[in-house]
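Report on the following structure.
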Amino acid sequence: MSEELIFRFNVDGDDFTSAGQASVQVKKNLRQLGIDAETIRRVSVAMYEGEINMVIHAGGGVAEVRVTDEYIEIVLDDHGPGIKNIEEAMKAGFSTAPDTIRSLGFGAGMGLPNMKRYTDEMHITSTVGVGTKIVMRVNI
Amino acid sequence: MKISTMRDLLDAKVLCCEDKLGNHVYSAFGCDLMSDVLAFVDNQAVLLSGLVNPQVIRTAVMMDMNCIVFVRSKVPTAEMLELAKESGIVVLCTDKTMYNSCGILYSNGLTGEREAKK
């Protein structure tokens, strides 16, 4: 692959049941590119958790996946409430999700730790009242 | 363990992808918390869950799981079955509880996932 490929998705924040559609599509696209299964899984799980977070906390946003020869980069950008304390949010089990989301199988404070676990690099920038941007890379 | 063997042991109905009953699963994970599934599961595992929403199917897709067993008589929606079909995931449905289902499979040789990844 000489040129990088970019996939861009608008993540709908209104419907929890549709959350994850972009990640499923990315998984399909990466398979078609012949990327190895373990890399695909790491990228799609990290993106899926991020997508779920965007729907739960931020009313949706934009997800972009860049595929280069060396790495796959996932950028998640939202205009939600922002994260007050990133260090605290990164702790396994820390959650501000409502009980309704917990009853749907998420919101147990594993999202951000899972995203970190499955990626080689992860950077969060967030401003309260403005939004959050998460950049993750998985090396190929 | 063959998926068809699981079906027999759990006295389960097959709701989707009957043509793949000959496939094997090598480990199992029972959970209603999808983020834990995403944290702990490895390849070719079966997911046992009592949670019914499309995220259960998408979680299994993300983890390359090839079978989901809905326990406690929980019935997935048509939309969920369509998602499972698209990804070739066999969907079983049993009246047994989570505890009993896991116990039956475990005692017949299908062990659990490895310990939590650090």
Side-chain angles (χ1 to χ4, degrees), chain A residues 11-12 15-31 35-56 74 91-95 97 99-119 138, chain B residues 16 23 26-27 29-45 47-66 68-72 74-89 91 98 113-118:
Chain A
V11 177
D12 180 3
D15 182 12
F16 180 79
T17 59
S18 70
Q21 281 177 343
S23 305
V24 171
Q25 188 56 48
V26 163
K27 186 156 190 157
K28 280 183 195 162
N29 293 357
L30 295 179
R31 264 200 199 128
I35 309 271
D36 74 278
E38 184 56 30
T39 304
I40 292 177
R41 190 187 326 173
R42 291 173 63 203
V43 170
S44 50
V45 170
M47 179 169 168
Y48 182 50
E49 287 280 21
E51 209 185 330
I52 295 276
N53 272 351
M54 271 180 154
V55 175
I56 296 174
I74 308 150
K91 284 181 190 157
F94 178 84
S95 176
D99 285 346
T100 47
I101 294 299
R102 289 169 204 249
S103 67
L104 293 168
F106 286 91
M110 292 301 288
L112 289 173
N114 272 353
M115 288 156 74
K116 192 173 171 62
R117 176 185 293 132
Y118 283 103
T119 54
V138 174
Chain B
C16 173
N23 288 352
Y26 297 94
S27 62
F29 197 75
C31 196
D32 287 351
L33 187 55
M34 294 302 111
S35 279
D36 273 359
V37 179
L38 293 166
F40 299 143
V41 172
D42 272 334
N43 249 336
Q44 292 171 304
L47 171 63
L48 294 98
S49 186
L51 184 70
V52 176
N53 71 52
Q55 304 310 341
V56 178
I57 312 290
R58 291 204 186 96
T59 298
V61 171
M62 293 304 151
M63 300 310 287
D64 302 315
M65 299 172 109
N66 54 10
I68 301 171
V69 180
F70 287 97
V71 298
R72 303 190 294 269
K74 296 289 158 71
V75 180
T77 62
E79 181 197 2
M80 289 168 66
L81 291 176
E82 194 51 44
L83 281 172
K85 203 171 165 188
E86 275 173 27
S87 298
I89 296 173
V91 177
M98 174 75 93
E113 274 294 337
R114 63 185 186 184
E115 298 301 307
K117 288 179 191 127
K118 299 292 178 198

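Reminder, nothing fancy here: chain letters follow the sequence lines and each chain counts from 1. These figures come from a predicted structure and were not determined experimentally.
Among residue pairs with one or both ends in residues 101-113 of chain A, those qualifying as salt bridge (Lys or Arg N to Asp or Glu O under 4.0 Å) are A:Asp99-A:Arg102; sequence neighbours excluded.
Residue A:Ile40: no heavy atom, backbone or side chain, is found under 4.5 Å from chain B. In this structure, chain A has heavy atoms under 4.5 Å from both the backbone and the side chain of B:Leu33. Only the side chain of B:Asn53 comes within less than 4.5 Å of a heavy atom in chain A; its backbone stays farther off.
The residue among A:Gly111, A:Ala19, A:Gly20 with the most heavy atom pairs within less than 4.5 Å of chain B is A:Ala19. Of the listed residues B:Asp36, B:Thr59, B:Val61, the one with more heavy-atom pairs under 4.5 angstrom with chain A than any other is B:Thr59.
Atoms CG and CE, from A:Asn114 and B:Met62 in turn, are 13.0 Å apart once rounded to the nearest 0.5 Å. A distance of 8.0 Å separates CG in A:Leu104 from CD in B:Gln55, rounded to the nearest 0.5 Å. Atoms NZ and CG, from A:Lys27 and B:Asp64 in turn, are 3.5 Å apart once rounded to the nearest 0.5 Å. Rounding to the nearest 0.5 Å places CZ of B:Arg58 at 7.0 Å from OG1 of A:Thr17.
Taking both residues in full, the closest heavy atoms of A:Tyr118 and B:Ala39 are given as OH-O, 3.8 Å, listed atom of the first, atom of the second, then distance.
Considering only residues two or more places apart in sequence or on other chains, B:Lys74 meets the side-chain contact (heavy atoms from CB on, under 4.5 Å) condition with B:Val52, B:Phe70, B:Arg72.
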